[in-house]
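See below for the structure under consideration.
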Amino acid sequence: MEERKVVSIEDRIPKLKQTRRKKANRRLILYLTILFLLIATVIYLQSPLSNVRHIVVEGEYHVSEEEIIELAGVTTSTNYWRVDEEEMKQQIESHQEITFASIDRSFPNNVQIEVKEAERIGYVKQDGAFHAILENGTRLDGQTALPGGDAPILAGFNKETYLKEISQELKELPSSVSSLISEIHWDPRDGNPYQILLYMNDGYQVQASIRSFAEKMPAYPSIVAQLDEGAEGIIHIDVGAYFEEYPQSEGEEPQGDSGAGEEEENTDEEA
């Protein structure tokens with residue numbers, strides 16, 4: 001019969017005590033670690049180390065970076081963990097020139113603000129100063145001595161209805177075409193209150209209708225490309241599309257001959 005080794009209880013007690021002591025020490029270390037982390041977290045949250053350090057604004061053009069940050073209500077004294085992205089978004093979008101804003105926090109203490117501004121589709125002159133018109137037809141209160149050159153001047157639009165309609169049409173117009181326009185004059189006629197006259201940067205004039213403006217105006221570059229060099233007149237795109245050359249005064253020589261005559265006259269005078 002196999003003999004079993006018998007260990008007395010007296011021999012096992014020291015080992016049990018040692019095991020319990022190790023468990024107690026590990027538990028104590030765990031509790032002390034948690035306590036230390038909690039104290040460090042409280043100190044961090046109450047110290048300037050948890051404040052926002054870097055604020056980056058992107059997408060701004062007409063609205064200044066300083067104004068956007070002020071609208072957001074965030075500074076380098078703001079606690080990083082108390083930044084409310086949704087509240088900041090609403091505050092920034094309350095500005096009439098900003099249509100969209102997004103807020104992004106990146107650890108440890110950076111805040112990035114990205115905005116999209118409403119497009120300025122024109123400028124109207126009032127009391128000797130120009131006011132920007134936004135894509136929704138809103139007229140800004142701020143004044144500028146001269147337009148920014150980023151949109152045409154809208155002249156004669158003394159009725160808000162037509163101003164809002166041309167604003168909507170300009171919004172839909174490709175920027176490659178709208179950049180060619182210098183001025184747009186409201187030029188109503190009997191039976192056609194929507195007629196407008198455009199002055200282009202290349203010297204041509206265009207007669208159009210507000211209601212079909214965005215649809216027909218994109219054809220302007222191809223129409224101009226078919227005209228003879230030096231031709232002067234009005235391009236009609238309100239009904240069909242055709243070019244009407246300015247009538248010559250009675251007895252006036254063709255432009256080419258006139259230029260040549262002037263050159264000969266100048267040559268004789270110099271001789």
Side-chain angles (χ1 to χ4, degrees), residues 21-124 126-127 129-151 164 167-168 170-172 174-176 178-179:
R21 188 180 299 110
K22 288 181 179 179
K23 289 183 178 180
N25 289 339
R26 285 198 294 268
R27 192 178 296 112
L28 177 62
I29 292 173
L30 176 62
Y31 291 158
L32 289 175
T33 302
I34 294 174
L35 180 61
F36 173 78
L37 290 175
L38 289 174
I39 294 174
T41 300
V42 172
I43 294 175
Y44 167 73
L45 292 175
Q46 297 297 324
S47 72
L49 294 175
S50 63
N51 291 347
V52 174
R53 287 194 179 182
H54 303 287
I55 306 170
V56 179
V57 179
E58 295 180 350
E60 82 284 3
Y61 185 73
H62 295 288
V63 184
S64 68
E65 177 180 330
E66 292 75 14
E67 188 173 359
I68 293 173
I69 293 176
E70 184 178 353
L71 283 168
V74 61
T75 67
T76 52
S77 298
T78 303
N79 189 288
Y80 175 82
W81 302 102
R82 294 180 181 176
V83 172
D84 188 332
E85 291 100 325
E86 188 59 33
E87 182 180 356
M88 288 175 59
K89 173 182 171 68
Q90 293 177 3
Q91 292 174 170
I92 295 173
E93 290 179 352
S94 66
H95 195 287
Q96 62 180 343
E97 291 191 68
I98 297 177
T99 59
F100 175 79
S102 65
I103 316 299
D104 181 40
R105 294 190 306 169
S106 57
F107 190 80
N109 44 26
N110 301 322
V111 174
Q112 181 174 334
I113 303 172
E114 185 175 355
V115 299
K116 182 179 179 182
E117 296 184 5
E119 182 182 358
R120 293 190 176 192
I121 54 85
Y123 293 87
V124 294
Q126 182 181 7
D127 300 329
F130 290 94
H131 299 257
I133 303 297
L134 301 182
E135 58 189 42
N136 59 2
T138 301
R139 182 182 312 196
L140 297 182
D141 296 331
Q143 299 181 352
T144 177
L146 292 172
D150 54 339
K164 288 186 178 296
S167 299
Q168 183 61 36
L170 280 168
K171 179 184 177 182
E172 298 176 6
S175 58
S176 59
S178 61
S179 63

Write down the atom of G137, the atom of S167, and the distance for their closest heavy-atom approach. CA-OG, 3.7 Å
Taking salt bridge (Lys or Arg N to Asp or Glu O under 4.0 Å) as the cut-off, I'd like each qualifying pair that reaches into residues 56-70, sequence neighbours left out, listed once. none
Restricting to side-chain hydrogen bond (donor to acceptor under 3.5 Å, both in side chains), what partner residues turn up for N136, sequence neighbours left out? T138
Scan for salt bridge (Lys or Arg N to Asp or Glu O under 4.0 Å) pairs involving residues 86-103, sequence neighbours excluded, and state none if there are none. K89-E93, E97-R120
V52 versus T76: any side-chain heavy-atom pair under 4.5 Å? no
Kindly indicate whether the side chain of V115, heavy atoms from C-beta on, has any atom under 4.5 Å from the side chain of V63. no
A side-chain contact here means heavy atoms from C-beta on lying under 4.5 Å apart; do L134 and E119 qualify? no
Salt bridge (Lys or Arg N to Asp or Glu O under 4.0 Å) partners of E135, counting only residues at least two apart: K171
Rounded at 0.5 Å granularity, tell me how far CG in L71 sits from CD1 in I113. 9.5 Å
Would you say H131's side chain and R139's backbone share a donor-acceptor pair under 3.5 angstrom? no
Rounded to the nearest 0.5 Å, what's the gap from OG1 on T78 to CG on D84? Could you check? 12.0 Å
Hey, does the side chain of Y80 reach the backbone of F107 with a donor-acceptor pair shorter than 3.5 angstrom? yes
Only counting residues at least two apart or in another chain, list the ones meeting side-chain contact (heavy atoms from CB on, under 4.5 Å) with S179. none
Would you compute the distance between atom CD1 of I68 and atom CD of E114 and round it to the nearest 0.5 angstrom? 11.0 Å
How many angstroms lie between atom CD1 of I103 and atom CD of Q112, to the nearest 0.5 angstrom? 9.5 Å
All side-chain contact (heavy atoms from CB on, under 4.5 Å) counterparts of S176, not counting sequence neighbours: P174
Apply side-chain hydrogen bond (donor to acceptor under 3.5 Å, both in side chains) to Q168 and list each qualifying residue two or more places apart in sequence or on a separate chain. E172
Quick one: pull up CD1 in I121 and CD1 in I133 and give me the separation to the nearest 0.5 Å. 6.5 Å
Just by distance, do the side chain of E117 and the backbone of H62 share a donor-acceptor pair under 3.5 Å? yes
Suppose we screen for side-chain hydrogen bond (donor to acceptor under 3.5 Å, both in side chains). Which residues come up paired with S178, at least two apart in sequence or across chains? none
Got a sec, which residues hit side-chain hydrogen bond (donor to acceptor under 3.5 Å, both in side chains) with N51, two or more places apart in sequence or on another chain? none
Contact list for residues 98-110, test side-chain hydrogen bond (donor to acceptor under 3.5 Å, both in side chains), sequence neighbours left out: E85-R105
Find out whether I69 and T75 are in side-chain contact, i.e. whether some heavy atom of one side chain is under 4.5 Å from a heavy atom of the other. no
Which pairs would a plain distance check flag for residues 24-31, meaning a side-chain donor or acceptor within less than 3.5 Å of a matching protein atom at least two apart in sequence or in another chain?
unit_1, atom_1, unit_2, atom_2, d
N25, ND2, R21, O, 3.3

Which residues pass the side-chain contact (heavy atoms from CB on, under 4.5 Å) test with L35, sequence neighbours left out? I39
